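Below is one structure; the comments refer to it alone.
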Amino acid sequence: MALAYDGAIQRLIDAFSALPGIGPKGAQRIAFHMLSASDEEASQLVDAITEVKAKVRFCDVCGNVCESSPCPICADPRRDRSVICVVEEAKDVMSVERTREYRGLYHVLGGAINPMANVGPADLNIPKLLDRLKSAEVQEVILALDPNIEGEATTTYMSRLLGPLGIRVTRLASGLPVGSDLEYADEITLGRALAGRRDA
Ligand SMILES: [Zn+2]
């Protein structure tokens, strides 16, 4: 019995398997779904992927995803420019936005310090943050990193780095599920952690 499908269907299964959060069985299920989907449904998926690769970029100021830089948050005059919320990934911006507790700006580091994966401070978008902090407008930096070992290491590093700058540096209150990602915290819990932030 063959252990792999022939040609195109196996290539599609392999492509889905390579995506984060999709195991071999899930990949097979999606591939067979696409096989029975209408041509229109299949084209919509292809077009959405093509469009995202063509249009979406990262904001030159904060590193958030956007279609034109600066992103709508950086460009919004109603946002509070005295506070910058530092997050690991662009998807975390949306997690914080969904709490409706925050009206300041963001800075996306593009990861967290992780010696096991050879990710150090030099690999993160830190120089641009330091540049932004030269503006006298910024009075507080909130470190909203993932509640896991890498996020903790990054919070410690960042608070030591920013401490001497004379800007208030805070971190999320405890209460988030430990060992997980910011994106898995529900809006109420994350909103509370943000509102109850403490000095780092
Ligand atoms: Zn931006």
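Both ligands and their constituent atoms are indexed starting at 1 by order of listing. These numbers were taken from a predicted model, which means no experiment stands behind them.
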Does atom [atom1] of [X] have more than 12 heavy-atom neighbours from other groups under 6.0 Å away?
X      : atom1 : result
Arg192 : CZ    : no
Arg29  : CZ    : no
Asp47  : CG    : yes

**Q.** Residues Glu137, Arg79; criterion salt bridge (charged side-chain N to carboxylate O under 4.0 Å, His left out); working and verdict
**A.** CA-CA 12 Å; Glu137 267 184 317; Arg79 304 289 303 209; over 6 Å; no
Q) Hey, what else clusters with Leu45 if you join Ile, Leu, Val, Met, Phe, Trp, Tyr whenever side-chain heavy atoms sit under 4.5 Å? A) Leu12, Phe16, Leu19, Ile22, Ile30, Met34, Ile49
Q) In the protein, how many N/O/S atoms are under 2.8 Å from the Zn ion (ligand 1)? A) 4
Q) Do Phe58 and Val65 have side-chain heavy atoms sitting under 4.5 Å apart? A) yes
